[in-house]
Amino acid sequence: MNAKGIINSTRRLLGAKQLGSSALIAKAELDGRNTLAQAQLWLERTERPTDETELNHYRMVSDATESLKRVLKGEKPC
């Protein structure tokens, strides 16, 4: 799993909300929900790594997932 994809999905949703286009918002929300589901599945299936590099990657994915989850709920991202 790549944190960049989750971050991009979050940004697309925030941008659609700024534009106020209901069609863009709906598409971005659908994309966001799909990305969130994939990320949560990846986090569930991946054991928490002990290697520092892998641990940083795991944390980045986890943080990006939490941010996307907040945006989908209508809250502000961190």
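Not measured: the values here are computed from a predicted model. Sequential numbering from 1 along the given sequence is applied to the chain's residues.
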Steps toward side-chain contact (heavy atoms from CB on, under 4.5 Å) verdict (L43, Y58) | CA-CA 8 Å; L43 288 168; Y58 184 89; 3.7 Å; yes
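- Contact record, T53 with D51: N-OD2, 3.1 Å, taken as the closest heavy-atom pair.
- The main-chain N or O of A3 is never found under 3.5 Å from a side-chain atom of H57 such that the two would form a donor-acceptor pair.
- Cluster annotation: I7 and L72 are assigned to distinct hydrophobic clusters (Ile/Leu/Val/Met/Phe/Trp/Tyr, side-chain heavy-atom contacts under 4.5 Å, transitive).
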List the atom pairs, with distances to 0.1 Å, where a side-chain N or O of residues 16-39 and a protein N or O form a donor-acceptor pair under 3.5 Å, not counting sequence neighbours.
{"from": "K17", "atom 1": "NZ", "to": "V71", "atom 2": "O", "distance (Å)": "2.9"}
{"from": "S21", "atom 1": "OG", "to": "L24", "atom 2": "N", "distance (Å)": "3.3"}
{"from": "D31", "atom 1": "OD2", "to": "S9", "atom 2": "OG", "distance (Å)": "3.2"}
{"from": "D31", "atom 1": "OD2", "to": "R12", "atom 2": "NE", "distance (Å)": "3.3"}
{"from": "D31", "atom 1": "OD2", "to": "R12", "atom 2": "NH2", "distance (Å)": "2.7"}
{"from": "N34", "atom 1": "ND2", "to": "L30", "atom 2": "O", "distance (Å)": "3.4"}
{"from": "T35", "atom 1": "OG1", "to": "D31", "atom 2": "O", "distance (Å)": "2.9"}

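- Taking the side chain as every heavy atom from C-beta outward, K69 and Q40 approach each other to under 4.5 Å.
- Between the CG atom of L68 and the CG atom of N8 there is a distance of 11.0 Å, given to the nearest 0.5 Å.
- Minimum interatomic distance between T10 and S67 (heavy atoms only, all atoms of both residues): CG2-OG, 4.2 Å.
- In the hydrophobic clustering, L55 connects to no other residue, as no ILVMFWY side-chain heavy atoms lie under 4.5 Å from its own.
- Residues passing the salt bridge (Lys or Arg N to Asp or Glu O under 4.0 Å) test with E54: none are found, sequence neighbours excluded.
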